[in-house]
Amino acid sequence: MADADDFRRFALSLGGTSEAPHFERTAFKAVRIYATLAPDGLGANLLFTPEEQEFKCLLAPDVFRPVANAWGRQGWTTLTLSAASEAELQDALAMAWRHGAAKKKKG
């Protein structure tokens, strides 16, 4: 079972990650934001591709679910920390970080 402290520790261990307020949430950014932590520390949103999101949600529906709006259709996925193992959390953060660390495509 993971918690907000685990999330923060794992996220900040990924290269080039910084932490900053983002609206009511806390954002974790490399080149761009790849994860946000809820104010209550119970959940987080992670940047996946739609295909990665589908896979994670099928594999562990108690841990992952699409964000319920247009952001969710783009791959943003909610992770329930109390349902996630530390290994699931680390894997999910690493996957999201790869998207956040990638340079934005021009045009």
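Everything quoted here is computed from the prediction, not taken from an experiment. FYI, side chains are in, hydrogens and waters are out, and symmetry mates aren't considered; it's all heavy atoms of this structure.
- Using modelled atom types, no side-chain atom of E19 and backbone atom of A27 make a donor-acceptor pair closer than 3.5 Å.
- Contact annotation: the side chain of V67 never approaches that of T77 to less than 4.5 Å [non-hydrogen atoms, C-beta and beyond].
- The shortest non-hydrogen separation linking L42 to D40 is N-OD1, 2.9 Å.
- Counting non-hydrogen atoms of neighbouring residues, nucleotides and ligands closer than 6.0 angstrom, the CD atom of E88 exceeds 12 such neighbours.
- No donor-acceptor pair closer than 3.5 Å links the side chain of Q74 to the backbone N or O of W71.
- Within a 6.0 Å radius of CZ in R25, more than 12 heavy atoms belonging to other residues, nucleotides or ligands are found.
- Under the 4.5 Å side-chain criterion, counting only non-hydrogen atoms from C-beta, F7 is in contact with L46.
- For K56, the salt bridge (Lys or Arg N to Asp or Glu O under 4.0 Å) partners are D91, not counting sequence neighbours.
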Apply the test side chain to side chain contact (heavy atoms under 4.5 Å, CB included) to residues T78 and N45: give CA-CA distance (whole Å), side-chain angles for both, the deciding distance (0.1 Å), then the verdict. CA-CA 4 Å; T78 298; N45 293 338; 2.8 Å; yes

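- The two residues L79 and F64 make their nearest non-hydrogen contact at CD1-CE2, 3.4 Å.
- Looking only at side-chain heavy atoms (C-beta outward), T80 and D62 stay at 4.5 Å or farther from each other.
- Residues V31 and L47 do not share a hydrophobic cluster, defined by chaining ILVMFWY side chains whose heavy atoms lie under 4.5 Å apart.
- The minimum heavy-atom distance between A30 and A101, with the atom names listed, is CB-CA, 3.7 Å.
- Counting heavy atoms from C-beta outward, F28 and W97 have side chains that stay 4.5 Å or more apart.
- With rounding to the nearest 0.5 angstrom, the CG atom of D5 is 7.5 Å from the CZ atom of R9.
- Residue A4 comes nearest to L37 through the heavy atom pair CB-CD2, 4.1 Å, listed as atom of the first residue, atom of the second, then distance.
- Nearest heavy-atom pair, S18 versus L12, reported as atom, atom and distance to 0.1 Å: C-CD2, 4.3 Å.
- A donor-acceptor pair under 3.5 Å is absent between the side-chain atoms of E52 and the main chain of M95, judged by distance alone.
- Proximity of D6 to L89: side-chain heavy atoms (C-beta onward) are separated by under 4.5 Å at one or more points.
- When all heavy atoms are compared, the tightest approach of A35 to L93 is CB-CD2, 4.2 Å.
- To the nearest 0.5 Å, the span separating CZ on R8 from OG1 on T17 amounts to 12.5 Å.
- Atom OH in Y34 sits 12.0 Å away from atom CZ in F48 (nearest 0.5 Å).
- Side-chain contact between Q53 and T49 is absent, with no heavy-atom pair separated by less than 4.5 Å.
- Membership of the apolar cluster around L59 extends to F55, as traced through chained side-chain contacts below 4.5 Å between ILVMFWY residues.
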